[in-house]
Each structure stands twice: as structure tokens, then as C-alpha cells.
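Quick caveat: nothing in here was measured; it's all calculated off a predicted structure. Counting begins at 1 with the first residue of the sequence.
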Amino acid sequence: MTSFEELWRGLLPVGRSADSGGYQRFSWTPSDASCREWFVSEARSGGLTVEADRNGNQWAWWGASGPDAVVTGSHLDSVPDGGAFDGPLGVVSSLAAVRLLKARGFVPRRPLAVVNFVEEEGARFGMPCLGSRLMSGAVSPGHARELRDPSGVTWAAAMDSAGLDASGIGADPSRLGMIGTFVELHVEQGRGLVESGSAVGVASAIWPHGRWRFEFAGEANHAGTTRLVDRRDPMLTFAATVLGAREQAALAGALATFGRVSVEPNGTNAIASFVRAWLDSRAPDASSLATVVEAVTSLAAERGDRDGVKVTVTAESTTPVVEFNASLRDELAALLGAAPILPTGAGHDAGVLSAHVPTAMLFVRNPTGVSHAPGEFATTDDCLAGVEALADVLQHLATR
Ligand code: HGY
Ligand code: MN
Ligand code: MN
């Protein structure tokens, strides 16, 4: 069995639902703690020195930490009922690639590290890529400290309860300054590599995208005694908004999803008083994204006027288009035998870091393209091809 398969098998059961086979790996919960313990133990047994930075991101160093480091890695947290590969494939492949380089007798000429970034999915606290955004100063510590999970627990309280110290979270310029090049390997969340017949590809760009919280305030009342004309039902406004978002996205060649909603009081025989729902929208360019979000916001307000429902829209996180470093992109594609170059609509820590350091992404083929769901998959052969590719990239970057 290869070291990738050993590493993979060790992590696979952590945070996995016996019912759905999906993952519930949310920041600062017991399953996250188990993932972090796995990371420390496997990094150490691979001869790496492990530390956590002020934001809780874990760093495993090959040799001493230092400037102009070649850094790779990804995340271990998941979306609710997510797949096994989104995030963990990058972390496991990074640890396996280091072991492969050691087996090759390679000695890096510059510091090399594997990173596990915290809260990449934003599944518990709502802000994606929070660990890399905090480190790079893209999110203020004050804002992060007060982010709350659905039960009202703050980021700071959850981080403290997990045994870390949230008092020092925030920009980490000296650590960011250590990174010479960052490379993230990730399962492809799409079928581009299936269509091109390649196991591994190189990322060109990340679509602009964001999350907007829609709040619909109506009036609770009895489902059986309130005339239709007398109702102020936020579910009607919400439903019209969901359908409108789909229409607007189709018109703009974009994507729009309402995948998360909470209804108060959520009773079978009561008209809802309040609906909170989140729009995830993404588009090939910023103007199409703005067109979709503006159109959905105004159609929600118009429908709200008709329904007697007050609509409030709040941008929770927005990410501009990411164009990865073109010369690094082309250098790695050539190194990997003219590997296909392709964009993605999925956000990544690499997208955050690309604003600060030369950054690249490698994608590993996903036969169905399914992601953020238990069906997410990559074959062992393709995963091993990814490890070889990442090892070649790291060797190239740590030698030049
Ligand atoms: O939502 C995303 O695009 C990523 O998977 N965090
Ligand atoms: Mn994801
Ligand atoms: Mn991911």
C-alpha cells in the first residue's frame, strides 16, 4: 500500500456520517479536533515539525521555517454532508508528496511546508477561507471574533474551547511573508478533466462569487383561520425569490443557489413570521455577478412589497475573480507534460493567497464532477497521479 493510501485510510472515517456517508467536519468541533490530531501525528511521522499559527492554521515544516518557502496544502473542514475529497485530498497528497520526495532522496534548497487552513468552507461560521483571510488581513480580527454559528457560539469562544487562544487572531504578515510560492492540490469540482482525458490539470482562474443573506420579515398567524388576503407570508416572498434567482442566473450565464434556509417558528399549522436564506452566486465575470445579485435583490423587494413582507439583503462574503499567476501556471503545466489548464467556480485558500504570493492550483480528475456531496470521488490511480505531479512541482519549486 502506498503512503498516500495509508494516510487516506487513516483520515477517511473521521467525521463521516454512518447514514449518508457524508462528512460533518466543522471548525472547532470534536471531528475537527480529530482531523487536527491526525495532521500532527502523520506530519510528525513523516519527519515534519508541526505548529499552529495565531489563527489556528496548522503548518508542518520540512526543516526549519523560513523565507521564500514552498508551501502546499489545503483544508480538512467540510460542508454539511460533504464529500471525502474536497480539502482532504490536498492535505493528504501534500503529506504523501513530501514522503515521496524523501524516498527519492531529494533535499529541498528552501523551506517547505504543508498547511491545513481552518474554516475554508465557512460551514459553521459563514465566512469561507477564514483562516487564510485572517492571515492575509482580508478579514479583521474583530469581525472574525464575532462570527457566530447557528446556535450563537462565536468564533472566538469556539476556538478557545478547542484549546487554542483566539486572543491573538489577525493578520500575520511575517508568516505570509515567509511564503515564496503556494500550490494547492484539489479534487476537481467539475468534469473538465474527464472531458480532456487527463488525471491532473492546472488552474487558470476562480470565478468571482459571494454569499448574500436574505431576511424576509412577515407576520405569524394561524394557518387555518387567516384569510389569504390578510396574510403577510414571508415564505411566498422567499419562494418567488428562489425561482427568480434561477431565472436571473440563466439569463446572465451565471449560477445562483439558495441551499440554506431557516424558518421561524417553523410550525406546520402556523404562517411563518420570518425566513432567513442564503444566496450563493457565481459568474464568469464581476459584472454578470453584480447583474444577477442586483436583479435578485430588486425582485425580492418588489415581491415583498406585494406580500407585505420586509426584505433585507446583507453581503456576507464576496470574492473577486482570481487569475492565478500566469507564468507559474504555464511553468507547471509544461512541467506536467502540457497538463490542461482550466478555470473553476469553486473558491479556495489558494484564491485568497494569490493576491499576495505567486500561487497555483493542481486539480485531480473527478469522474462524476460531483462535489459538496457524499458522491464526490476520485480514483486511487488518479490520486496517485496527483501525488506524483505535486511531488514533481514541489521538487521543481524547491530546487530552482
Ligand atoms: O464554496 C466553495 O466554492 C468552496 O468549496 N469553499
Ligand atoms: Mn468546498
Ligand atoms: Mn475545498
Show the nearest heavy-atom pair for residues Glu184 and Asp349, with the distance to one decimal. OE1-N, 3.7 Å

Roughly how far, to the nearest 0.5 Å, is OG1 of Thr241 from CZ of Phe214? 6.5 Å

With no hydrogens and no angle check, do the side chains of Ser371 and Glu376 hold a donor and an acceptor under 3.5 Å apart? yes

Search all heavy atoms of Gly137 against all heavy atoms of Ala171 and return the closest pair with its distance. CA-CB, 3.9 Å

When clusters are formed by joining ILVMFWY residues with side-chain heavy atoms under 4.5 Å apart, either directly or through shared neighbours, do Val200 and Leu342 land in the same one? no

Are Ser167 and Asp165 linked by a side-chain donor-acceptor pair shorter than 3.5 Å? yes

Just say parallel, tilted or perpendicular for the rings of Phe125 and Trp155, cut-offs at 30° and 60°. perpendicular

Test Thr2 against Arg99 for side chain to side chain donor-acceptor pair (under 3.5 Å), laying out the working first. CA-CA 10 Å; Thr2 62; Arg99 292 181 186 199; over 6 Å; no

Salt bridge present between Arg329 and Glu323 (N-O < 4.0 angstrom): no

Stacked cation flag Arg175 on Trp59, 6.0 angstrom / 45 deg: yes

State, without any angle test, whether Asp285 and Ser287 hold a side-chain donor-acceptor pair at a distance under 3.5 Å. yes

Cluster check Phe39, Phe4: I/L/V/M/F/W/Y, side chain < 4.5 angstrom: yes

Heavy atoms of Pro88 and Arg25 approach each other most closely as CG-NH1, 3.3 Å

Pairing of Arg104 and Asp392 as salt bridge, 4.0 angstrom limit: yes

Does any part of the side chain of Val309, heavy atoms only, come nearer than 4.5 Å to the side chain of Leu236, both counted from C-beta? no

Does the distance from a Lys or Arg side-chain N to an Asp or Glu carboxylate O, for Glu316 and Arg148, drop under 4.0 Å? no

Thr72 and Ser94 side chains, donor-acceptor separation under 3.5 Å: yes

Please work out which of the three classes, parallel, tilted or perpendicular, describes the rings of His186 and His75, given edges at 30° and 60°. tilted

Would you kindly say whether Ser45 and Glu42 are connected by a side-chain donor-acceptor distance under 3.5 Å? yes

